[in-house]
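The block underneath contains the structure these notes are about, expressed in structure tokens.
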Amino acid sequence: MAGAGVLAIGEAAHWRASLHGPYRLAPQHGERGVVVFGFANAGPRVNAVNRWRGRAAVRAARLLGADSSVGRGDRSSVVTMVCTGGAVRGTTPEALLLAQYIHRRQGWSGQIITETDSRSTWENVRNVLPILEDADWIAFVSGSLHAEKARIHLQRMRPDLAARLVNAREYRAGELIAFKPMFAAIGLWKLHTLRH
């Protein structure tokens, strides 16, 4: 029962974070930027958390009104996938591993841009700003608490771009359930620190 309670708390924390703005549901028009954040990849192969984030990013892009055939000149359906993350714990930038996984394993044939220098969430957000300047709508995809942290950074750096944030709907009950309590504890602490 104690284990089930811990898992339930982890789920609840991620669910609540997925609902926190500033963002809104995207209308079915305009150019979208889907930003997916890399996670602590120590080896040359994409790890489980990055595979999950990659799947969530493709799912978000499709939920936002696009499919893998985007990028054919129709501005109403253009989605740019932005993978961000440097070689923080390994020798291969996380953004490159994410991009390869999204393209090869998730069948994404739309545009993918990689940002390979970032070593923190703050740097992730700062370094993708030039890429997002022309996006009408922006979605951040990561673990729900981490995505909330990134949205706060964007709000502080560029309130004008934060006004374009839309709900990526990355949360799914039961996904990576064993990891969620740990991510919830770390994420809640980092959000508390960021806000205070």
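All values derive from a computational prediction rather than experimental measurement.
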Using the rule that two of Ile, Leu, Val, Met, Phe, Trp, Tyr join whenever any of their side-chain heavy atoms come within less than 4.5 Å, decide whether [X] and [Y] are in one cluster.
X      : Y      : value
Val88  : Val49  : no
Ile152 : Leu145 : yes
Leu154 : Ile113 : yes
Ile112 : Val34  : yes
Val79  : Val58  : yes

Side chain of [X], backbone of [Y]: donor and acceptor closer than 3.5 Å?
X      : Y      : answer
Ser118 : Glu123 : yes
Arg104 : Ala99  : no
Asn47  : Phe39  : yes

What's the spacing between [X] [atom1] and [Y] [atom2] if we round to 0.5 Å?
X      : Y      : atom1 : atom2 : result
Gln111 : Thr80  : CD    : OG1   : 4.0 Å
Arg169 : Arg62  : CZ    : CZ    : 14.0 Å
Arg89  : Arg119 : CZ    : CZ    : 10.5 Å

(request) Test Leu98 against every option in Asn41, Asn50, Thr84 by the side chain to side chain contact (heavy atoms under 4.5 Å, CB included) rule and name the one that passes. (result) Asn50

(request) Check each of Leu129, Val125, Val128 against Leu161 using the side chain to side chain contact (heavy atoms under 4.5 Å, CB included) test, and report the only one that passes. (result) Leu129

For the residue pair [X] and [Y], what are the closest heavy atoms and their distance?
X      : Y      : answer
Ala60  : Val141 : CB-CG2, 4.0 Å
Ser142 : Arg53  : OG-CZ, 3.0 Å
Ala162 : Gln155 : CB-OE1, 3.2 Å
Ala168 : Phe140 : CB-O, 3.5 Å
Ala95  : Thr114 : O-CG2, 3.8 Å
Glu115 : Asn127 : OE2-ND2, 3.4 Å

Do [X] and [Y] have side-chain heavy atoms sitting under 4.5 Å apart?
X      : Y      : result
Met81  : Gln106 : no
Phe37  : Glu94  : no
Ser144 : Glu170 : yes
Gln100 : Val46  : no
Cys83  : Ile102 : yes
His153 : Arg156 : no
Trp122 : Leu194 : no

(message) So that I can tick it off, tell me whether Glu133 and Arg158 are bridged by a salt bridge, with the cut-off set at under 4.0 angstrom between side-chain N and carboxylate O.
(response) yes

